[in-house]
Amino acid sequence: MDKRYDFSAEAERALYDDWEKRGAFRCAGRVDGKQPYTLMMPPPNVTGRLHIGHALDNTLQDILVRLRRQQGYDCLWLPGTDHAGIATQLLVSRQLAEQGIAVERLSREDFLAHTWRWKEQYGNIILQQLRRLGASCDWEKARFTMDEGLSCAVRRAFLELYEQGLIYRDERLVNWDPQLQTAISDLEVRQQEERGQLCLIDYPLIEERGVEKGASITIATMRPETLFGDLAVAVHPKDERYRALRGKRCLVPLAEREVAIIEDERVEREQGTGALKITPAHDFLDFEIGKTHGLALCSIFDAQARLNDEVPEAYRGLSREQARERVLVDLQSQGLLREIKQQTHSVPHGERSGVALEPKLTKQWFMNMEGLAKDALAAVERRETILIPQTWLNTWRRWLENIQPWCLSRQLWWGHRIPIWYTPDGEQVAAANEAEALQKAEARFGKKVVLRQDEDVLDTWFSSALWPFSTLGWGNEKEGDPNKAPLLQRYFSTQLLVTGFDILFFWVARMMMLSLRFKNCVPFKVVYLHALIRDGQGRKMSKSLGNVVDPIDLMDRYGCDALRFTLASQAVPGRDLRLSEKRIEGNRNFITKLWNAARFLEMQGCRYDENFKTKAVEGAVHRWMLTRLRALAEGLEEDLRDEVCLFHEAASKLYHFLWGVFCDEYLETIKPALAGKEDKDEKARNEARVVSAWVFYGVVRLLHPFVPFATERIFQECQVFASSKGRLLMTEKTLRAEDIVCGDWDDDVAETKWVLGLIDKIRSIRSDLGLSPKATVPWFGDVLDRTEKRLEKWGDVLRAMAGVEWRSIGEGREIGFVYDGVVEPKLFLPEEVDLKAMSVRIKKQLDDWNKVCKNSSAKLDNKKFKENAPHNILKAEEEKLTEAKNNMELLSNIQEDIKKIIKKLL
RNA sequence: GGGUGCGUAGCUCAGGGGUAGAGCGUUGCCUUCACACGGCAGAAGUCGUUGGUUCAAUUCCAACCGCACCCACCA
């Protein structure tokens, strides 16, 4: 093995290529009775580049998939990409513009041809980057949301929902993005706080009986430019201030339109002036109020939110912002602008374009979600699917209970075109393609008809909602039973979905709803929602802040394993994680530690032997080690169950086991045995070699899902595993707790712990005394026979690790110490010892024990404690007190010793 | 306005009814033949505040104070 581990991208690529070439990621299909285990990768945007969120997402999925494979499941992890309608169309348009091609001049067909070409050229970058991350998905099954099969599935789903009346066309107010010139769904709206002007405007009352001359009603608005669309002024029916104006009329200034003053309970008396201008075509509340009162609709904006021909000529063609200024100036000059107040308010913006949205009256396709939502909610309530962390359940309920129709159509070209054709009379014909539509139309109308397909495409999330089953073949064929696809029958439904909480409603809920609708079954049993990744200071990562970390760059510098391990160790359900480079560096060091442990075992001649049986092990420290290993395996099995998903716990257990337990304790302890040269030591040496190799093999397999590259490389290159040459670690079975058969080893485990504790103690004292780490210090003591035997038995270990050598008797300048309440050995002191430090230390220990003593006595004297505390607690408390008293006595003796020595020295 | 989560060591974060944990940083010692991307030893916390439940609260409950985020509304 090389002295240093090679973290380079090239080394990792070689390993990955080997896995892929050998088909290690392929699902097995219907063979050898293995249980299927399915995971759907959330398809990244085809325009995407791997960002840190993907890295987290896919690391966690990969850990589980690799583990399940090791556990013997037939795993299918299906990857793919999403066509990402708006994002892709924007990107390609921009690129074309750079090439001097004006998108507005292109035909739909030409634009799509360009986009497809772009997709062929760049669409696979993100998939390559996922390979870099080590993602072990079944690439041969990769899908794209606009490939032929999936497009077919989309049409089938749409048509079926259409036939059932769940999908319908309607003219309603929608959120309109004036830059992209398309409708978007409620979920794509982002509220942004903005400073604005609250304008109080006088609307003159129409003179009639009961109306004073020159009187007016004052309305308040943040959007004065919309007054051209005003069709009423509304007040609350119980508002005393406006009682006299009931049934009166007023004049909308500038528009010079007479409108009624109406009453409606939805008007808030406290807001503004309590009089609300009603612009039904440009405000959601106004739209509702207008509907109740039979008002017409008056749209004053065009698709780009410029004023249209409905407004007086002077204002036509102005932008929203220009119009606002102009209106204010004109109102001012007419003396109708009563007041302007500065006020912050939140304004809806388009998530993609970033511009302020405009409610706009258009014909769009909608999907009625109510029934679907009810079923999705019920399924989660019944725990057919569980959410991790569970705190999302509340949010889930809230959203599904208040669900609104989903605006499905987008005024774009890139996407699944709506499979509806119109006759010249506007009749709808639903069909999978034009030929079928013509046929249907002819049958329906008894003659040939000219048809025109709907221009719009579907929201990208519609195809995403079918992802868990469309990718497995559901509806991929034009006809026949959509459920017959073999992959679908074997691998649906899936076990687990891992994704960010930010798309819980966009995606997760909709998959749930459509899966229940089309498959009559939940699409996944567990949804693991991970949190957001923030930078070291806890800020959201954003391009504008410039704090976006590039996972590829991190992998280049620290290796993929270090990044993966860091992400896993920080993945605490329900909490944002801050990514600091220091942590990644620490985990890079961890990989190095692993590598060096392998080198050490290799050098020591430790070789893995598959015939080795744990039960035959005799050495106490080996028994202790195997017991610890079993506890580790048990812990990991529990932490990594689908419905638990405690990646951070698992990672931390592995970290501490390898570094703290295996390297620092176990390997150090067996070093003397490994170094044994004489024949009589041979048995111990052989046992040390074989057990350490066996344990290491277990650790490497347990670590593999987290750090696939380093473990694989060790498996292939380290002589410890020479007998396994040629096999891939990722195809090896994992280590199960049940593989470690332990005997009745309690005594050995206790003894080993005792020795390790003793070593700690001696080291600590040595350090205080300032003893040279190299010097071997003789020690002796008046101890129990049993203890003395132990000290002799572990003599080599104590010499190597604590630098002490046991003598059965001694006399001179020495100092005792307390361990375990029964041993009171003494260390011989060389001249240069720091007795003062030792003295301070003893004093502190005495104080500590004194505290414990007081505490315990107080508790034990408390009658209520004695009555109520459970037995084991009571017993522990009593033992604690005894120990404390004992130690205090011993420590006092030592204090005396020190005093004596100091006296002697003086 | 409704909801969710978080305040624990200098920093970043785990944990969880029975005398506080990790990584990084820091202090001292060690260039000992796996590893200085290392080893050994140490210092460092009234676990946000105030009440309540309990024999026992950092942990459970309530209120409050701060900090995030989500949903709705904003005339």
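Quick caveat, the model's predicted, so the values are computed rather than measured. Worth knowing before you read on, the calculation uses all heavy atoms, side chains too, and leaves out hydrogens, waters and symmetry mates. To find a chain, count down the sequence lines: A is the first, B the second, and so on, and within it residues start at 1.
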Roughly how far apart are [X] [atom1] and [Y] [atom2], rounded to 0.5 Å?
X: A:L798; Y: A:I759; atom1: CG; atom2: CD1; result: 5.0 Å
X: A:R195; Y: A:Q342; atom1: CZ; atom2: CD; result: 5.0 Å
X: A:W399; Y: A:M369; atom1: CH2; atom2: CE; result: 6.0 Å

Please pick, from [options], the nucleotide with the shortest atom-to-atom distance to any side-chain atom of [X].
X: A:R4; options: B:rA75, B:rG15, B:rC37; answer: B:rC37
X: A:V267; options: B:rC55, B:rC35, B:rA75; answer: B:rA75
X: A:N596; options: B:rC55, B:rA34, B:rA41; answer: B:rA34
X: A:S764; options: B:rU31, B:rC35, B:rA41; answer: B:rA41
X: A:K582; options: B:rA34, B:rC24, B:rG18; answer: B:rC24

Quick one: [X] [atom1] to [N] [atom2], roughly how many Å, whole number?
X: A:F590; N: B:rA34; atom1: CZ; atom2: C1'; value: 15 Å
X: A:K854; N: B:rU19; atom1: NZ; atom2: C1'; value: 15 Å
X: A:H656; N: B:rA14; atom1: NE2; atom2: P; value: 15 Å
X: A:I765; N: B:rA41; atom1: CD1; atom2: P; value: 12 Å
X: A:N175; N: B:rA72; atom1: CG; atom2: P; value: 10 Å
X: A:R766; N: B:rA41; atom1: CZ; atom2: P; value: 12 Å
X: A:Y655; N: B:rG21; atom1: OH; atom2: P; value: 18 Å
X: A:I714; N: B:rA34; atom1: CD1; atom2: P; value: 17 Å

Using a 3.5 Å distance criterion without hydrogens, assess whether the side chain of [X] forms a donor-acceptor pair with backbone atoms of [Y].
X: A:R324; Y: A:R223; value: no
X: A:D561; Y: A:A710; value: yes
X: A:S764; Y: A:D760; value: no
X: A:H282; Y: A:P280; value: no

Assess whether atom CD of A:E265 is packed by more than 12 heavy atoms of other residues, nucleotides or ligands within 6.0 Å. no
Is the count of non-hydrogen atoms from other residues, nucleotides or ligands lying under 6.0 Å from A:R269 atom CZ greater than 12? yes
Provide the distance between the two [atom1] atoms, one in [N] and one in [M], to the nearest whole Å.
N: B:rC65; M: B:rG25; atom1: P; answer: 39 Å
N: B:rU4; M: B:rA41; atom1: P; answer: 46 Å
N: B:rG18; M: B:rU26; atom1: P; answer: 34 Å
N: B:rA20; M: B:rU32; atom1: P; answer: 38 Å
N: B:rU59; M: B:rC30; atom1: P; answer: 44 Å
N: B:rC73; M: B:rG15; atom1: P; answer: 36 Å
N: B:rA68; M: B:rC13; atom1: C1'; answer: 16 Å
N: B:rU19; M: B:rC47; atom1: P; answer: 15 Å

Which nucleotide, in any strand shown, forms a Watson-Crick or G-U wobble pair with [N], with both distances under 3.5 Å?
N: B:rU54; value: none
N: B:rC64; value: B:rG48
N: B:rG1; value: B:rC71
N: B:rA20; value: none
N: B:rC40; value: B:rG28

How would you label the contact of [X] with the nucleic acid (heavy atoms, under 4.0 Å): base, sugar-phosphate, or nothing?
X: A:K671; answer: base
X: A:E668; answer: base
X: A:K593; answer: base
X: A:V852; answer: base
X: A:R763; answer: sugar-phosphate
X: A:W659; answer: sugar-phosphate
X: A:D664; answer: sugar-phosphate
X: A:R599; answer: sugar-phosphate
X: A:P389; answer: nothing
X: A:K880; answer: base
X: A:L198; answer: sugar-phosphate
X: A:D283; answer: nothing
X: A:R266; answer: base

List the steps and the verdict of ring-ring contact (aromatic ring centres under 6.0 Å, His included) for A:F657 and A:Y655. CA-CA 5 Å; A:F657 187 88; A:Y655 186 99; over 10 Å; no
Which atom pairs link the protein and nucleotides 2-9 of chain B when you take only N or O atoms and keep those under 3.5 Å?
from: B:rG2; atom 1: O2'; to: A:R398; atom 2: NH1; distance (Å): 3.4
from: B:rC6; atom 1: O3'; to: A:R575; atom 2: NH1; distance (Å): 3.1

Could you pick out which residue, A:N862 or A:E649, lies toward the 5' side of RNA chain B when each is mapped onto its nearest nucleotide? A:E649
I want to confirm an ordering. Mapping A:Q191 and A:C663 to their closest nucleotides on RNA chain B, which one lands closer to the 5' end? A:C663
Do you see a donor-acceptor pair shorter than 3.5 Å between the side chains of A:S856 and A:E877? yes
Kindly say whether, by distance alone, the side chain of A:R588 makes a donor-acceptor pair under 3.5 Å with the base of B:rC37? yes
Test: A:K671 cationic atom under 6.0 Å from A:Y666 six-membered ring centre, within 45° of axis: no
[X] side-chain N/O to [N] phosphate OP1/OP2 under 4.0 Å:
X: A:N589; N: B:rG38; result: yes
X: A:S772; N: B:rC30; result: no
X: A:K3; N: B:rC33; result: no
X: A:H345; N: B:rC73; result: no

